[in-house]
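Below: one structure, written as structure tokens.
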Amino acid sequence: MKQARIYMKRWLGANERSKQVSTDSWYLGFSDQLLSLIDQSPLYSKKFEEEKVNAAVSLTLYLQDAIAQSGGWKEFSDAYHRLYKSYLPFYKLTDSYVPDEINVEDISFVLWTLLSRYAVFEEDEVIIQNPHDPDLVNLSQKVYDAMDTSFEEAPICSEPSTPIWVMGLDLLEMDMVPLPEIKPGMPLKKDVESCLAYSKGEPLLYFATYDELRKFFVEELKWANKDENLLPELRDERNFVIYANAKGMLVGPNTSYCFCDPNNPTYDAAKAATQGYNLFTYPGACPFDVLKYGMAKGLFPDLQLPFPGGKEVLHEYWDFIARYFLCEYYEGE
């Protein structure tokens, strides 16, 4: 008899339950069946056993939720639809997509979440999976076929899965705050007034080096010429953008090369194309209002995710991507 690779304790843990219910044995068996498909996929050829098991369990959670129309997948799908008027990102949904049944696109998205990784800590590597990778699409179809074959016999689970197994729902419940744009007659902070006077009313200012930025602070903003007053923590950074707005003045280091603006001498189209996506995926890489302003004004024409078709994916789904990867930095300072 073939040795099982997934045990009940693992399945119950994924459901955040300690007590077994009558449907668990069936779904545990199905998740073990999916492992053979996952083993054969190039996507998982170099992955550890735990990653393969996690994929099988997560895909089975999706099937369980689709059958029961409850649990984490249902919660995610409903929350995404409330926000974006679609059921999931990255995939063009046709009339053949049925929200209360299983769908290849759903499976592809679950795999995308498993193969992508956001940074929990600053030093963590961020991984952004191509949602249209041929190997991902191929595995999604094989998993769908397996689910479709077993769909009629799959039991309805009475206990909903954990509501956050797909992603943190709070990230989809955050409101996008309107940009703090300046209106005529609005009282402004002194630094903002000085920035706008210097730039002749343009809200964005650009500086290639810290020395240039420091000079601007002292000569234009009239800050005291003392190291401790001049953002010394930015001494080793370059490519600064200042956003003067109704709330105040934001400074973003290592970002100005992304802004395609006639007033920006630091713009670097090639670097923007290869590195600019970091603004959307590394928490704290850019003040969010600066990022949002750049998108609203069309200043990022060369930014793209690091895979074929990455420009289209980034520009169409940038808000979701920012929510997913920036986490609490979305709409944060």
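For the numbers below, each heavy atom of this structure counts, side chains included, while hydrogens, waters and symmetry mates do not.
- In the hydrophobic cluster analysis, where Ile, Leu, Val, Met, Phe, Trp and Tyr join through side-chain heavy atoms closer than 4.5 angstrom, V98 is grouped apart from V110.
- Screening W112, Y330, Y317 for a side-chain contact (heavy atoms from CB on, under 4.5 Å) involving Y324 leaves a single residue, W112.
- Between the CG atom of L35 and the OH atom of Y44 there is a distance of 10.5 Å, given to the nearest 0.5 Å.
- Between the side chain of S41 and the backbone N or O of L37 there is no donor-acceptor pair closer than 3.5 Å.
- Judged purely by atom type and a 3.5 angstrom limit, E51 uses its side chain to pair as donor or acceptor with the backbone of F48.
- Between the CG atom of L28 and the CD atom of Q20 there is a distance of 8.5 Å, given to the nearest 0.5 Å.
- Distance CG/L43 to CG/D133: 5.5 Å, rounded to 0.5 Å.
- Under 4.0 Å is where a charged nitrogen must lie from a carboxylate oxygen, and between D39 and R5 at least one such pair does.
- Between the side chain of K311 and the main chain of P301, a donor-acceptor pair closer than 3.5 Å is present.
- In this structure, Y7 has its ring center at least 6.0 angstrom away from the ring center of W11.
- Of all heavy-atom pairs spanning P253 and E237, the tightest one is CB-CB, 3.9 Å.
- In this structure, the side chain of S58 does not engage the main chain of A55 through any donor-acceptor pair within 3.5 Å.
- For the residue pair A296 and L179, the shortest heavy atom distance occurs at CB-CD1, 3.9 Å.
- Side-chain atoms of L305 and N130, non-hydrogen and from C-beta on, never get closer than 4.5 Å to each other.
- Below 30°, between 30° and 60°, or above 60°: for Y91 and H132 the angle between ring planes is above 60°, a perpendicular geometry.
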- Test log, rule side chain to side chain donor-acceptor pair (under 3.5 Å), inputs N103 and D106: CA-CA 5 Å; N103 298 278; D106 298 341; 3.1 Å; yes

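- Note: the hydrophobic cluster containing L188 does not contain L250 (ILVMFWY, side chain heavy atoms under 4.5 Å, direct or indirect links).
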- Item | Criterion side chain to side chain contact (heavy atoms under 4.5 Å, CB included) on K47 and L115, from CA distance to verdict | CA-CA 10 Å; K47 301 293 186 182; L115 295 164; 3.9 Å; yes

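- A donor-acceptor distance shorter than 3.5 angstrom exists from the side chain of D268 to the backbone of A270, with no hydrogens or angles considered.
- Aromatic ring orientation, F207 versus Y198: parallel (interplanar angle below 30°, classes split at 30° and 60°).
- In this structure a side-chain-to-backbone donor-acceptor pair under 3.5 Å is present from S36 to Q33.
- Between P232 and D227, the closest heavy-atom pair is CD-O, 3.3 Å.
- Within the 4.5 Å cutoff, no side-chain heavy atoms of V126 are placed close to those of F280.
- Side-chain N or O atoms of Q304 include none that pairs as donor or acceptor with a backbone N or O of L314 at under 3.5 Å.
- Taking hydrophobic clusters as Ile, Leu, Val, Met, Phe, Trp and Tyr residues chained together by side-chain heavy-atom distances below 4.5 Å, Y243 does not share a cluster with L213.
- Nearest heavy-atom pair, Y62 versus E101, reported as atom, atom and distance to 0.1 Å: OH-O, 3.7 Å.
- Listed for the K222 side chain is a donor-acceptor partner under 3.5 Å among the backbone atoms of E219.
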- Task: Begin from the C-alpha positions of L171 and F320 and carry the test side chain to side chain contact (heavy atoms under 4.5 Å, CB included) through to its verdict.
- Result: CA-CA 9 Å; L171 300 175; F320 172 76; over 6 Å; no

- For the pair D65 and S161, evaluate side chain to side chain donor-acceptor pair (under 3.5 Å) and give the outcome as yes or no after the intermediate values. CA-CA 7 Å; D65 291 356; S161 65; 2.9 Å; yes

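- In the hydrophobic clustering of ILVMFWY residues, with side-chain heavy atoms under 4.5 Å counting as a link, V218 and L221 come out together.
- Between E316 and K92, at least one side-chain N (NZ, or NE/NH1/NH2) sits under 4.0 Å from a carboxylate O, which counts as a salt bridge.
- With values rounded to the nearest 0.5 angstrom, L205 atom CG is found 11.0 Å from S256 atom OG.
- We find that D78 and K74 are joined by a salt bridge, their nearest charged nitrogen and carboxylate oxygen being less than 4.0 Å apart.
- If you chain together hydrophobic residues whose side chains sit under 4.5 Å apart, Y210 and Y206 never meet in one group.
- Counting heavy atoms from C-beta outward, P283 and F325 have side chains that stay 4.5 Å or more apart.
- In this structure, the side chains of M249 and K189 stay at 4.5 Å or more apart for every pair of heavy atoms.
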- Decide side chain to side chain contact (heavy atoms under 4.5 Å, CB included) for E125 and R117; before the verdict, give the C-alpha distance in whole Å, the side-chain angles of both, and the deciding distance to 0.1 Å. CA-CA 8 Å; E125 178 188 9; R117 186 172 70 188; 3.5 Å; yes

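- At least one side-chain heavy atom of W73 sits less than 4.5 Å from a side-chain heavy atom of W165.
- Between K292 and D319, none of the side-chain N atoms (NZ, or NE/NH1/NH2) sits under 4.0 Å from a carboxylate O, so this pair counts as no salt bridge.
- For K271 and Y257, the positive end sits near the middle of the six-membered ring, less than 6.0 Å away and at most 45° from its axis.
- The distance from the CG atom of N54 to the OG atom of S31 is 11.0 Å, given to the nearest 0.5 Å.
- Salt bridge status for D211 with K215: absent, with no side-chain N to carboxylate O gap under 4.0 Å.
- Checking W223 against D191 by side-chain atom types alone, a donor-acceptor pair falls below 3.5 Å.
- Between I164 and E75, the closest side-chain pair of non-hydrogen atoms is not below 4.5 Å.
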- Query: After noting the C-alpha distance and the side-chain angles of F300 and F259, does the key distance pass the ring-ring contact (aromatic ring centres under 6.0 Å, His included) rule?
  - Reply: CA-CA 6 Å; F300 297 141; F259 290 76; 4.8 Å; yes

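- Ring orientation note: the planes of F90 and F109 are tilted relative to one another, at an angle of 30° to 60°.
- No more than 12 heavy-atom neighbours from other residues, nucleotides or ligands sit within 6.0 angstrom of OH on Y118.
- Residues C157 and V21 meet the side-chain proximity criterion, which asks for heavy atoms closer than 4.5 Å.
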- Message: Working note: D100 + Q69, criterion side chain to side chain donor-acceptor pair (under 3.5 Å); need CA distance, chi angles, decisive distance, verdict.
- Response: CA-CA 7 Å; D100 58 355; Q69 281 298 289; 5.9 Å; no

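- At a threshold of 4.5 Å between non-hydrogen side-chain atoms, the residues L63 and L59 do not count as touching.
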- Task: Quick one: do L326 and T281 satisfy side chain to side chain contact (heavy atoms under 4.5 Å, CB included)? Show the steps, please.
- Result: CA-CA 6 Å; L326 300 184; T281 56; 5.7 Å; no

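- A salt bridge links R10 and E50; the closest N-O separation between the charged side-chain nitrogens and carboxylate oxygens is under 4.0 Å.
- Minimum heavy-atom separation, I128 to P306: CD1-CD, 4.3 Å.
- A donor and an acceptor atom, one from each side chain of N264 and D261, are nowhere located under 3.5 Å apart.
- Taking a 6.0 Å sphere around CG of L93, one finds it holds more than 12 heavy atoms contributed by other residues, nucleotides or ligands.
- Judged purely by atom type and a 3.5 angstrom limit, E212 uses its side chain to pair as donor or acceptor with the backbone of A208.
- Heavy-atom minimum distance, L279 versus C258: CD1-SG, 4.0 Å.
- In this structure, Y80 has its ring center no closer than 6.0 Å to that of Y87.
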